[in-house]
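First the structure, in the form of structure tokens, and then the observations on it.
Throughout, a chain's letter reflects where its sequence line sits, starting with A, and its residues are numbered from 1. Quantities reported herein were computed from a predicted structural model and do not represent experimental measurements.
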Protein chains: 2
Amino acid sequence: MIETPATAPSLEDPDMAHDPLRPLPLPSVRRLPLYLRYLKEVEAEGRESVSCTHIAEHLNLGSIQVRKDLALTDIVGRPKIGFETRALIEAIETFLGWNNTQEAFLVGVGSLGHALLGYGGFDEFGLSIVAAFDVAADKVGTKVHSKEVLPMEMFADLVQRMHINIGVLTVPAAAAQSVADLMVKSGMRAIWNFTPVKLTAPDTIVVEDVRMAASFAVLAKRLSDLLKRH
Amino acid sequence: MIETPATAPSLEDPDMAHDPLRPLPLPSVRRLPLYLRYLKEVEAEGRESVSCTHIAEHLNLGSIQVRKDLALTDIVGRPKIGFETRALIEAIETFLGWNNTQEAFLVGVGSLGHALLGYGGFDEFGLSIVAAFDVAADKVGTKVHSKEVLPMEMFADLVQRMHINIGVLTVPAAAAQSVADLMVKSGMRAIWNFTPVKLTAPDTIVVEDVRMAASFAVLAKRLSDLLKRH
DNA sequence: TAGATTGTTAATCGATTAACAATC
DNA sequence: TAGATTGTTAATCGATTAACAATC
């Protein structure tokens with residue numbers, strides 16, 4: 001069913017995983033949440049269909065790019081009309097797997113971890129951080145934004161018993177690799193890494209880095225050139 | 001020396017801005033902080049030189065890619081030896097403009113803003129958040145991580161008087177565009193945008209988005225495919 | 001109908017990777 | 001010297017953009 005030989009295309013299957021033979025265009029995947037956000041606005045305004053031209057204009061992108069990106073989800077539109085807003089939202093959410101919520105554990109209740117525990121927007125991503133863990137005895141036992149902070153000793157066991165797939169990593173850099181190792185050993189399948197450390201993990205594990213420094217590097221370089229040019 | 005285009009190349013100038021005619025390869029710029037971080041480790045270990053092969057191995061990248069990226073900074077290495085660690089660190093910092101610290105104002109002291117005010121790692125980026133602003137009367141007048149929270153009314157005036165170039169935007173989505181407008185109007189040159197909103201700004205203003213949702217989209221898609229494949 | 005929009009195929013552009021001479 | 005590494009030029013790969021027929 002997943003297999004798509006050059007000749008016969010696979011049958012329609014709404015639950016089909018992204019064909020692993022077809023490469024996943026990451027820049028496109030990264031733009032999907034942008035579309036999703038805007039589409040929800042459009043839906044809230046009560047507009048039942050929307051065109052790529054329209055989306056592109058709003059987000060300051062090329063309309064062809066938007067169309068290509070949306071095509072990833074296998075949705076089909078109607079010439080002259082565009083796409084049905086609701087169907088498009090669902091297509092993107094299904095493609096990203098955001099429609100069935102994944103539970104996650106967060107490790108490292110520093111200021112960033114604290115902020116993420118309090119962030120209300122994750123349910124939009126199908127992400128629910130259900131508990132936090134920390135080594136610090138004075139944090140353990142407290143609640144942060146109504147989520148319990150548990151001792152590291154309980155981590156592996158709870159991951160297994162609750163079948164938690166996602167670990168959110170917000171520990172200090174020095175602890176990052178060893179906590180990541182623990183996450184892998186405990187049976188987690190994905191690590192959302194907020195530390196600046198390049199983690200080593202088996203390639204069966206999904207590791208995604210939030211590289212704030214990378215983002216700031218672009219800002220700083222551009223600003224620095226701007227200021228030099230007066 | 002660097003190149004000889006049809007038109008006259010600029011003279012050698014160590015403080016020269018990145019040639020605006022030469023496009024800026026963003027993926028490379030985004031990797032530079034990764035190198036920087038590792039190079040500081042190398043330096044701390046007392047090793048005076050380091051090769052691309054070595055860096056690449058540590059970061060799990062291709063050595064040719066690392067060499068190309070480093071070449072952006074115009075540093076020259078020595079065959080068989082590699083690069084002098086200290087010189088390479090300085091070359092990257094100079095290239096990114098991280099060696100002379102920029103002051104910044106943060107607007108929006110929610111949980112994320114709070115976290116960023118407490119983050120100690122920004123001086124490594126040449127970034128210093130010197131004050132915060134918020135509309136909420138109960139936050140104004142307090143100190144967060146020893147930084148004062150000031151009322152929005154003081155914003156424009158202080159930006160001008162203190163010549164603050166960078167605005168860190170951590171307000172709720174609904175307020176993002178209007179605060180960005182204020183930043184621009186006040187004379188700021190760059191906005192580091194942590195909101196999910198696609199901002200509109202004159203193209204003389206540097207806008208850099210930290211797109212957490214984009215990062216999570218990649219994680220979610222990969223995890224979702226992984227789980228479907230069993 | 002005419003015009004706007006989709007979906008697809010082709011062309012372009014830029015980034016990554018490979019190849020290789022120069023060199024310490 | 002021999003081998004490792006740099007710097008540069010060429011080849012490959014992938015993403016973006018353009019072109020255009022199909023269609024509502």
Side-chain angles (χ1 to χ4, degrees), chain A residues 4 6 9 12 18-32 34-35 39 42 47-85 87-88 91 214 217-218 221, chain B residues 1-5 18-32 34-35 39 42 47-85 87-88 91-92 214 217-218 221:
Chain A
T4 47
E12 277 302 334
H18 181 83
D19 183 343
L21 301 176
R22 191 172 23 147
L24 186 63
L26 295 186
S28 296
V29 174
R30 292 196 179 100
R31 280 187 295 267
L32 292 178
L34 244 49
Y35 305 149
L39 290 167
V42 168
R47 282 183 284 157
E48 291 187 356
S49 66
V50 63
S51 74
C52 289
T53 324
H54 194 89
I55 298 172
E57 210 161 280
H58 183 85
L59 296 172
N60 225 346
L61 298 172
S63 69
I64 305 166
Q65 184 172 64
V66 174
R67 195 147 64 246
K68 263 265 165 80
D69 289 346
L70 297 182
L72 265 184
T73 67
D74 288 333
I75 198 172
V76 290
R78 290 195 308 170
K80 166 88 171 147
I81 308 293
F83 300 84
E84 205 203 311
T85 313
L88 190 45
V218 173
K221 175 59 181 162
Chain B
M1 194 63 72
I2 294 170
E3 56 180 347
T4 45
H18 181 83
D19 183 346
L21 302 176
R22 195 175 14 152
L24 186 63
L26 294 187
S28 296
V29 174
R30 293 197 178 100
R31 281 188 294 268
L32 291 178
L34 244 51
Y35 304 149
L39 290 167
V42 169
R47 282 184 283 157
E48 291 186 356
S49 66
V50 62
S51 74
C52 288
T53 324
H54 194 89
I55 298 172
E57 209 161 281
H58 183 86
L59 295 172
N60 225 346
L61 298 171
S63 69
I64 305 166
Q65 184 172 64
V66 175
R67 196 148 65 244
K68 262 267 164 75
D69 290 347
L70 297 182
L72 265 185
T73 68
D74 289 334
I75 198 172
V76 291
R78 291 195 307 171
K80 167 85 174 150
I81 308 293
F83 299 84
E84 205 203 311
T85 313
L88 190 45
I92 294 174
V218 173
K221 175 59 180 162

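- Residue contacts shown for A:G82 are limited to sugar-phosphate atoms, with no base heavy atom under 4.0 Å away.
- When rounded to the nearest whole Å, the span between CD1 of B:I75 and P of D:dT8 equals 14 Å.
- Among the atoms of the strands shown, only primed sugar atoms or phosphate atoms (P, OP1, OP2) are found under 4.0 Å from some heavy atom of B:G77.
- Distances from the side chain of B:I64 to the nucleotides C:dA15, C:dT17, D:dG7 place C:dT17 closest.
- Between B:P25 and B:P23, the shortest heavy-atom contact is CD-O, 3.4 Å.
- Between B:E57 atom CD and D:dT5 atom P the separation is 9 Å, expressed in whole Å.
- Under the Watson-Crick or G-U wobble criterion, with both distances below 3.5 Å, D:dA10 is paired with C:dT17.
- Here C:dA15 presents its P atom at 16 Å from CG of A:L26, a figure rounded to the nearest Å.
- One finds no side-chain N or O of B:R67 lying less than 4.0 angstrom from the OP1 or OP2 phosphate oxygen of D:dG7.
- As a whole-Å value, the separation of A:E84 CD from D:dC24 P is 16 Å.
- Atom CZ in B:F83 sits about 12 Å away from atom P in D:dT5, given to the nearest Å.
- The side chain of B:P79 lies closest to D:dT5 when the candidates are D:dT5, D:dT16, C:dT5.
- Residues B:Y35 and B:V50 are not in side-chain contact: their nearest non-hydrogen atoms beyond the backbone lie 4.5 Å or more apart.
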Audit row: B:I92, B:L70, side chain to side chain contact (heavy atoms under 4.5 Å, CB included) steps and yes/no: CA-CA 8 Å; B:I92 294 174; B:L70 297 182; 4.0 Å; yes
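- Residue-to-nucleotide contacts include no donor-acceptor pair under 3.5 Å from the side chain of B:K80 to the base of D:dT6.
- Across C:dG7, D:dA15, C:dT6, the shortest atom-to-atom separation from the side chain of A:P25 is found for D:dA15.
- B:I55 places none of its side-chain heavy atoms less than 4.5 Å from the side chain of B:L34.
- For A:K68, whose side chain is taken as the heavy atoms from C-beta onward, the closest listed nucleotide among C:dC24, D:dT23, C:dT8 is C:dT8.
- The distance from atom CZ of A:R30 to atom C1' of D:dT16 is 16 Å, rounded to the nearest whole Å.
- Across all strands shown, D:dA22 pairs with C:dT5; the Watson-Crick or G-U wobble distances both stay below 3.5 Å.
- OP1 or OP2 of D:dT16 sits under 4.0 Å from a side-chain N or O of A:R31.
- Residues B:R78 and A:Q65 both approach DNA chain D. Their nearest nucleotides, taken by heavy-atom distance, put B:R78 toward the 5′ side.
- Remark: side-chain polar atoms of B:S49 are not paired, donor with acceptor, to backbone N or O of B:T85 under 3.5 angstrom.
- Look at CD1 on A:I55: it is 12 Å from C1' on C:dT5, rounded to the nearest Å.
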